[in-house]
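These notes are about the structure you will find just below.
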Amino acid sequence: MSEVTAPTTGGRDPEAAPGGWKPYHTLWAMLLGGWLFSYADRTITGPVVTWLIDNDHGMLGSASHPHALGGLIGSLFFAGYMLTQFPGGYLGDRFGHRAMLAVSLLWAGVATLASGLVSGLIAFVVLRVLTGLGEGVFYSNDRTLIAQRTPPAKAGLGMGVAITGLAIGLTIATISAPYLIDWGADVFGHEDAWRMPFLVLGSATLVFGVVTAIYLRRIGGPLRATGSALRLLGISAVLCAAVLAVYLIADGAGLPSWGVAVLECVLAFVLIGAIFARRGSRLGAVSRNRNALLLSFAFIAVMWNLWFFSFWSVSIVADAAHSSFQNAALVATFNAGAGILGFPAGGWLSDRAKDRGWGRRPLLVAFTVVQGLLVLVFGAYLQADETPSLLVMSVLLFVTSLFFNALQPMAHALLNDVVDAAERGAAFGMFNLVGEIGAVISPALSGTLFDHYGTWTHAVYIDGALMLASAVLYYLIREQVPRP
């Protein structure tokens, strides 16, 4: 049974005067912080991997195909992240969404902190997979809690504001990585300098997780955290073993990194198929919802784009412009930072479009088409100019990312509209599970393409084409729009 949540009445907040700060605004702010720390924890892997390759570190630099191996590390994180999307939504419906959010943040803090303490590639991979497994339950419970505790007329805005933390976390991790690594070199020596980003961000996430747990308990009573944490621990132990088994078997068989990532996606659907076979009609109803399935498969391109640029943007800029690691990180922040404007703007525009009787879908299609075309323009610029300008790349990354980040809360709010309230947790879990196929394959395949061609252009073109294909799927959604 799901927890009782604060009711909303007719789109108005009964707990505060019009125009004032309302309780759901505080919820948005706290969840924004959760996204910030979660995304900083996962994003830091990309810049650290780039540093390890550039400095010929023993963990990665000596590999025959270092970018493919580095990308595979990112892909394995998302294999874990993907596998707990659906269970996370189900556990939230059962134990309470507040409990799962608290568990996710505390788990992420501990696992990220531990990632900076281990030695050896396998141990590092295990900790990254475990981090992904814990963070995977955040998304569906965050979206559901916002929908439950926010007036319906502001659901899109709330989702956009909260997920702005994603962009802030990306920006913080990308821009701080060179300085944290330099600090690590002063404290630990050059060989262990890479540890400092994980230690700092993991500790910060752990502290914020405690603060969040206290807040969530205050707004809704005791958290059923023990039962949910134990259940998640049991599920994660099985899933982590499965992910590592696929990795070790496929690697031993000599499969390329992108092939390993594809097998991890196959594993996800085998396990989720088993869940569907065992569970009742609620999960089955979600899997038969045509609109939810179209949104889910369209979101593969979104997650592909997100984690192609988030994981490799520093390397893309550094390779194209032959710039330093620090300058490349500064340029890459234009891609991450655009979400600070894009996410809330997209949510607000989506709410306005629905309120005027236009629906969310037309705006979502339009923004996706524009974003896909801009990605292709970025790829053409990299191909045409042997020494691309850092200024031009910064502008292109910012504008492209502005449209990209705006379209995401539009899709989230549309999904919220097309599923029953009782199925939201499972629906958002399935949505992100399917979408994470893009996040699992993208870093590994893109790194493999770079090792093969010596340029990021091919990977950029693939990314843009996928975004345009997703616009077609969005167009096929049947949205029922109430007339104003």
Side-chain angles (χ1 to χ4, degrees), residues 39-40 42-50 67 70-71 73-75 77-78 81 163 166-175 177 299-321 323 325 327-343 367-368 370-383 388 390 392-408 435-450 455-468 470:
Y39 260 74
R42 71 189 71 169
T43 301
I44 197 64
T45 308
V48 168
V49 164
T50 297
H67 288 86
I73 293 174
S75 293
F77 168 91
F78 284 106
Y81 184 79
I163 206 172
L166 179 159
I168 299 173
L170 282 171
T171 304
I172 289 174
T174 303
I175 201 170
F299 222 67
I300 292 174
V302 173
M303 300 310 296
W304 184 294
N305 179 282
L306 176 61
W307 286 104
F308 167 56
F309 281 105
S310 296
F311 198 89
W312 288 121
S313 59
V314 175
S315 183
I316 291 170
V317 174
D319 175 74
S323 64
F325 180 69
N327 285 339
L330 288 172
V331 173
T333 58
F334 283 92
N335 173 67
I340 298 173
L341 295 176
F343 281 124
F367 272 58
T368 304
V370 172
Q371 195 274 342
L373 292 174
L374 286 171
V375 171
L376 296 180
V377 169
F378 181 72
Y381 177 67
L382 294 182
Q383 186 175 21
L390 290 177
V392 174
M393 282 195 291
S394 299
V395 172
L396 282 173
L397 285 172
F398 181 81
V399 176
T400 303
S401 185
L402 194 64
F403 281 90
F404 174 70
N405 290 308
L407 70 88
Q408 292 182 62
E436 290 298 331
I437 293 173
V440 172
I441 299 176
S442 176
L445 179 59
S446 301
T448 300
L449 289 172
F450 179 84
T455 176
W456 290 106
T457 305
H458 299 81
V460 173
Y461 282 145
I462 290 173
D463 183 276
L466 287 172
M467 289 302 299
L468 292 177
S470 72

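Residue numbers count from 1 along this sequence.
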Item to check | Atom of Leu373, atom of Leu468 and distance for their closest heavy-atom approach | outcome: N-CD2, 4.1 Å
Next on the checklist: Tell me every residue that passes ring-ring contact (aromatic ring centres under 6.0 Å, His included) with Tyr39, counting only those two or more places apart in sequence or in another chain.
Outcome noted: Trp35, Trp307
Checklist entry - Which value, rounded to the nearest 0.5 Å, describes the distance between Leu170 atom CG and Leu166 atom CG? => result 5.0 Å
Next on the checklist: Within the structure provided, determine whether Thr400 and Phe309 are in side-chain contact (heavy-atom separation under 4.5 Å).
Outcome noted: no
Checklist outcome for this item: side chain to side chain contact (heavy atoms under 4.5 Å, CB included) filter on Leu390, not counting sequence neighbours, yields Val317, Ala321, Ser323, Val331, Met393
Item to check | Separation between CD of Gln371 and CD of Gln408, rounded to the nearest 0.5 Å | outcome: 9.0 Å
Next on the checklist: Checking Val370 now: which residues fulfil side chain to side chain contact (heavy atoms under 4.5 Å, CB included) with it, not counting sequence neighbours?
Outcome noted: Leu374, Phe403
Checklist outcome for this item: Output for pair (Leu397 CG, Leu402 CG), nearest 0.5 Å, gives 12.5 Å
Checklist entry - Side chains of Phe404 and Val302: closer than 4.5 Å at any heavy-atom pair? => result yes
Checklist entry - What are the two closest heavy atoms between Ala173 and Ala40, and how far apart are they? => result CB-O, 3.7 Å
Checklist outcome for this item: Nearest heavy-atom approach of Leu382 to Pro388 is CD2-CG, 4.2 Å
Item to check | By ring-ring contact (aromatic ring centres under 6.0 Å, His included) - contacts of Phe450 (at least two apart) | outcome: His67, Trp456
Checklist entry - Quick one: CH2 on Trp312 to OG on Ser446, what's the gap to the nearest 0.5 Å? => result 8.5 Å
Checklist entry - Are any non-hydrogen side-chain atoms of Leu341 and Phe398 less than 4.5 angstrom apart? => result yes
Item to check | Partners meeting ring-ring contact (aromatic ring centres under 6.0 Å, His included) with Tyr81 (sequence neighbours left out) | outcome: Phe78
Checklist entry - Partners of Thr45 by side chain to side chain donor-acceptor pair (under 3.5 Å), sequence neighbours excluded? => result Arg128
Checklist entry - Of the non-hydrogen atoms in Ile44 and Ala177, which two are nearest, and what is the gap between them? => result CD1-CB, 3.8 Å
Item to check | Residue pairs involving residues 457-468 (criterion side chain to side chain donor-acceptor pair (under 3.5 Å); sequence neighbours excluded) | outcome: Asn305-Asp463, Gln383-Tyr461, Thr455-Thr457
Item to check | Non-neighbouring partners of Ile462 that pass side chain to side chain contact (heavy atoms under 4.5 Å, CB included), sequence neighbours left out | outcome: Trp304, Leu449, Leu466
Item to check | Atom of Thr368, atom of Ser470 and distance for their closest heavy-atom approach | outcome: CG2-OG, 3.3 Å
Checklist entry - Strictly by modelled atom types, are Asp319 and Ser315 linked by a side-chain donor-acceptor pair under 3.5 Å? => result no
Checklist entry - With sequence neighbours left out, what residues match Thr448 under side chain to side chain donor-acceptor pair (under 3.5 Å)? => result none
Item to check | side-chain contact (heavy atoms from CB on, under 4.5 Å) between Met467 and Leu407, intermediate numbers included | outcome: CA-CA 11 Å; Met467 289 302 299; Leu407 70 88; 4.1 Å; yes
Checklist entry - Side-chain contact, heavy-atom cut-off 4.5 Å: Phe311 with Val49? => result yes
Checklist entry - Sequence neighbours excluded, which residues qualify as side chain to side chain donor-acceptor pair (under 3.5 Å) partners of Tyr381? => result none
Checklist entry - Heavy atoms, side chains only, cut-off 4.5 Å: are Ile340 and Asn405 in contact? => result no
